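Written below as structure tokens is the structure these notes are about.
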Amino acid sequence: MSISISRRFVCVLGCAGALAFALAGCSSNTAWHGSTQAAANDGESTVELQIFAANSLEKALPEVEALYTEMTGVTFSDTQYKGSGDLVEQMRGGAPVDILITASAGTMDDAAEGGLVDESTRQDMFVNDLVIVRGEGSDIQIASLEDVASVDGRIAIGEPGAVPAGKYANQALASVGLYSDAEGEGGSYASSIADKVSLADKVGTAAQYVSTGDCAIGFVYSSDVYRYDGIDVAYTCPDDSHKAIVYPGAVSSSSKNAEVAADFLEFCMTDEDALAVWAEYGFELA
């Protein structure tokens, strides 16, 4: 797979390695926080965390969960990977959750306003880039966002009401007049692309549409190129063409394992082996 990595990701491995070195004395080679270790060693109960996570974390997060289980004994239920908006709707419907990780600050804001998360535990975890991908081996060339209008073939975009990547894509298109709403939702596409757009239920589906040839190009995250074969980056959208892509995480306000859940979030951001996993899949710490 050919990957054109944006400027943000050129230094991610080095940054993660430097941070890991600095933390080596207090992370993977030692027991984690006493509260979590005690819970793991409690013969009367086993802590199992339920995580709702943005779809783009589908490959990286299970590896980090496995590291935490190995270290503490804490296990994880069937982690749900969907569009961030869909996850919040499930929480509103009463789904039991310990941790929510979304792909946009706005979606986490919705969860906080609804009283679904403990705002005191909220932290920005990762940042990402918005890229336009093409099928591997494709000769499609994109030098600017305006070039999207001249692409011969369909365009995969996440459904903006549920998929933050879709909203970011629409914001980028709006910056060059190809979408009518600068916020990226509730508008319409310019006539030059309106008949070409294929909406996807999650960002991974948009990537798959391109990898299978159903779409000529698609708007996804840089990290998605690390988890899907058959696609490569045709263009990295300028940072100022869309809102900053930030992944916030927070403990659910209804969690029965809030202390352990908060501990896992800290583990994600500080453990040397966890940092290496995030770097491997193209995520940069916020």
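Quantities reported herein were computed from a predicted structural model and do not represent experimental measurements. Position 1 is the first residue of the sequence, and the numbers go up from there.
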Nearest 0.5 Å please: distance from the [atom1] atom of [X] over to the [atom2] atom of [Y].
X	Y	atom1	atom2	answer
D239	D129	CG	CG	6.0 Å
C237	I245	SG	CD1	8.0 Å
L265	T270	CG	OG1	10.5 Å
S104	D110	OG	CG	7.5 Å
L130	Y221	CG	OH	7.5 Å
I155	I132	CD1	CD1	8.5 Å

Legend entry - Residue from E58, R227, E63, K59 passing side-chain hydrogen bond (donor to acceptor under 3.5 Å, both in side chains) with Y281: E63
Inset, instruction - Kindly state each residue pair satisfying side-chain hydrogen bond (donor to acceptor under 3.5 Å, both in side chains) with at least one member in residues 150-166, sequence neighbours excluded. - result: R154-S198
Without swapping roles, check the side chain of [X] against the backbone of [Y] for a donor-acceptor pair under 3.5 Å.
X	Y	result
D147	I142	no
D98	I51	no
W278	C268	yes
Q171	E183	yes
K196	A149	yes
S84	A103	yes
N257	V260	no
T69	V74	yes
E284	A279	no
N55	G204	yes

Inset, instruction - Before accepting this row, confirm whether a basic side-chain N of the pair D181/K167 lies closer than 4.0 Å to the acidic partner's carboxylate O. - result: no
Legend entry - R92 with E89: basic N within carboxylate O range, under 4.0 Å: yes
Are any non-hydrogen side-chain atoms of [X] and [Y] less than 4.5 angstrom apart?
X	Y	answer
Q50	P96	no
R122	D109	yes
M269	M125	yes

Inset, instruction - Only one of T102, T107, L285, N128 passes side chain to side chain contact (heavy atoms under 4.5 Å, CB included) with Y247; say which it is. - result: N128
Inset, instruction - Let me see the working for V277 and F283 under side-chain contact (heavy atoms from CB on, under 4.5 Å), right down to the final yes or no. - result: CA-CA 9 Å; V277 172; F283 290 98; over 6 Å; no
Inset, instruction - Test side-chain contact (heavy atoms from CB on, under 4.5 Å) on I217 and Y235 and set out the steps. - result: CA-CA 10 Å; I217 62 171; Y235 181 74; over 6 Å; no
Inset, instruction - Using the rule that two of Ile, Leu, Val, Met, Phe, Trp, Tyr join whenever any of their side-chain heavy atoms come within less than 4.5 Å, decide whether Y226 and Y209 are in one cluster. - result: no
Inset, instruction - Name the orientation class of the two ring planes belonging to F264 and Y68 (parallel below 30°, tilted from 30 to 60°, perpendicular beyond 60°). - result: perpendicular
Inset, instruction - Give every residue pair that meets the ring pair (Phe, Tyr, Trp, His ring centres under 6.0 Å) criterion with at least one member in residues 104-125, sequence neighbours excluded. - result: none
Inset, instruction - Run through the side-chain heavy atoms of Ile, Leu, Val, Met, Phe, Trp and Tyr, join any pair under 4.5 Å, and report what else lands in L100's cluster. - result: F52, L87, V88, M91, V97, M108, L116, V117
Determine the minimum heavy-atom distance between [X] and [Y], stating which atoms define it.
X	Y	result
D224	S56	OD1-CB, 3.7 Å
L145	P238	CD1-CD, 4.2 Å
I193	L178	CD1-O, 3.7 Å
E48	S77	CG-N, 3.5 Å
A207	Y228	CB-CD1, 3.7 Å
V210	G218	CG2-N, 3.5 Å

Inset, instruction - I would like to know whether L67 and F267 meet side-chain contact (heavy atoms from CB on, under 4.5 Å); could you show each step before the answer? - result: CA-CA 10 Å; L67 291 172; F267 172 87; 3.9 Å; yes
Inset, instruction - Determine whether more than 12 heavy atoms belonging to other residues, nucleotides or ligands lie under 6.0 Å from atom CD of E70. - result: no
